[in-house]
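Just so you know, these numbers come straight off a predicted model, no measurement behind them. The chains referred to below are lettered A, B, ... by the order of the sequence lines, with proteins before strands, and numbering in each begins at 1.
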Number of protein chains: 2
Amino acid sequence: MATLKDVARLAGVSVKTVSNVVNGYSFVKPDNRARVEAALEATGYRPNLGARNLRRGRTGFIALVLPELSIPYFAELAGLVIAAAQEHEWNVLIEQTFGTLSGERLALASLGPHLVDAAILSPEALQVEDFQLSVPAVMLGEHAVDVPLSRVGIDNVAAATFAVRHLISLGRRRIAAIGAHPQRGTAALRLEGYRAALAEAGLPFDSSLVVPALNYHRADGAAAMKALLDMRNPPDAVFCFNDLLAVGAMRTAAERFVRVPQDLAIVGFDNNDESAYSSPSLTSIAPDKAAIARAAVNLLRERAGSPDLELDDVQTPFSLQVRESTVAR
Amino acid sequence: MATLKDVARLAGVSVKTVSNVVNGYSFVKPDNRARVEAALEATGYRPNLGARNLRRGRTGFIALVLPELSIPYFAELAGLVIAAAQEHEWNVLIEQTFGTLSGERLALASLGPHLVDAAILSPEALQVEDFQLSVPAVMLGEHAVDVPLSRVGIDNVAAATFAVRHLISLGRRRIAAIGAHPQRGTAALRLEGYRAALAEAGLPFDSSLVVPALNYHRADGAAAMKALLDMRNPPDAVFCFNDLLAVGAMRTAAERFVRVPQDLAIVGFDNNDESAYSSPSLTSIAPDKAAIARAAVNLLRERAGSPDLELDDVQTPFSLQVRESTVAR
DNA sequence: CATCGTTGTTCCAACGATGTAAAGACCGCG
DNA sequence: CGCGGTCTTTACATCGTTGGAACAACGATG
């Protein structure tokens, strides 16, 4: 692998002149520049990023800390973050926490300024005292406790209200919610939006219709739905706090021969790619994931330059994708 | 951020002694070791990986080059690769190619030895002449042309034969295939397996039942299925070259009120997480993804040590998950 | 007591790049 | 012709780390 020194020797100039050419410094004599460029071409020189970054005091990496790549929402988001980071010459390092406190702490601990310039976090269980980060960071989504970090995401309360309002507008009156969780900030906010929509329509809040979910996987949604269908007076609609829960719920409904949407309307949250292709297809709150990714990376760029900018809260747009799980073909 | 120098000053020893302690060198006097360890603790020292790797001539990163993280198979695999790499102190850098030749070339070009120690590739369109890699690499899956790389993956021909044999054993006689592709190696092999199973059962090969797919997304499967159902003599079973195609095909079947599996049995390939929860759930070839990830990382470990090991071909196990898309509840 | 081998420590150079300062080339002007 | 200023290039130090050589301390040995 060619180094600056090799190129310099070949071109008959100093190492620094080559460095100047590589970095686009203006004051290089045309014939020297030409010789250097020829030598660069001939050797196939590629800068050693480690050395460059050591010298420049940055690493060229950002971390993306998320629960699991096997969760479609995070996989899709990760792809978009990688693309957005690439435009700013950042490489993305993905750390999986599996949603556990220890996993998240481990990931955070490995995040030194020597490894990454900044980080994007999607925490679920972290405590306030854990947020002693040594690099600028942005948080995606919402957290249960107030945390000294900038944030990017949609307005969860508004989105949840919007979703439940949609169910109400279809004439549903016994609307359940799946996904309550003691620690997750987003869960609390979506529940709040659910209650707001009910109140707005003058519908009673029935806590037996709120089913908690320890995880947000398909299996949890299926289990929660079983519990709801076993009730003496089952719901005529369900608002699920993410699409995986909704997919699980739909699966249970199908197994029990409950017709969706006739007997039971279902709304999800996240608008995973798969939700447009299920049978029935799933109505879902669709956050603009690309906007989230771009906003997060942009925030980090500002923060990485000037570390002590004040906290920001970027609200990205969302919409409701209405599909067959609430409105039959 | 504390450096070795800071720690050395605090402990009253030389930089190298601290380095020795950090790297577990045996011959350090107990009291010096103790003082150094105290100083390490006090300063919260974390080695600068960039500098360390510059000196050691390695980077601590491996690249994972894949089409898209939004494709569940790759997302699940990426998660497993990250986990496997972590056990060998490797960080994973994900590069997305979007399955295009230019995207793959771009990704390969950015893979210098200064950036990564090794790479795991999932190429789709690359030509033989592109495989001039400057780092050890392993390929996942199969490639259309012979390529000088070690390989990890399942036996695609055997798996495809197994899948189609299953359809035949259910009494299906007009079995279609969705996913033929001029460039993809896996497509050619799966097609070969499909033909082998037909031949074995004495069934005729009908090329009008083989539908190509330019991409392997859900939309492509849906479109291909439409074409099949529009035939004068539509098939009674479909073997799809991946689960996304199968999901798309099932969607089309549902829209046309074709009953699965009664009128049409469907088998997929990859066994995505979502395939267990669709309605009907999807029968699919299930490669052992964790085994693939582990094998790939292990191969790279050997190759990174001694670059010119002979090519290897690791066959990982697979099974057939039988579900409702071929056998009704 | 000189010598030796084993331990323990330090100094120096190097990895590949870039910032700084200073030196060299070149120009026009008085 | 000498001076000052603008280009252009170079030497050197530096980022934080580790390998190697050199050196120092030590008890044991002959």
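- For the pair A:Asp117 CG and D:dC15 P, the interatomic distance rounds to 19 Å; values are reported in whole Å.
- Both cation-pi conditions hold for B:Arg184 and B:Tyr216: the charged atom is under 6.0 angstrom from the six-membered ring centre and inside a 45 degree cone around its axis.
- Rounded to whole Å, atom C1' of C:dG19 lies 11 Å from atom OH of A:Tyr25.
- Taking the six-membered ring where the residue is Trp, A:Phe61 and B:Phe61 present parallel rings, their angle staying beneath 30° rather than reaching 60°.
- Shown here is B:Arg301, whose CZ atom has no more than 12 heavy atoms of other residues, nucleotides or ligands within 6.0 Å.
- Counting non-hydrogen atoms of other residues, nucleotides and ligands closer than 6.0 Å to CZ of B:Arg105 gives a total above 12.
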For B:Thr43 and B:Asp6, what are the C-alpha separation, side-chain angles and deciding distance, and is it a side-chain hydrogen bond (donor to acceptor under 3.5 Å, both in side chains)?
CA-CA 8 Å; B:Thr43 55; B:Asp6 303 325; over 6 Å; no

Each nucleotide of nucleotides 10-18 of chain C classed B (base within 4.0 Å of a protein heavy atom), S (only sugar-phosphate) or -, in 5' to 3' order, makes BB-BBBBBB

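- Remark: D:dG30 base-pairs with C:dC1; criterion is Watson-Crick or G-U wobble with both hydrogen-bond distances under 3.5 Å.
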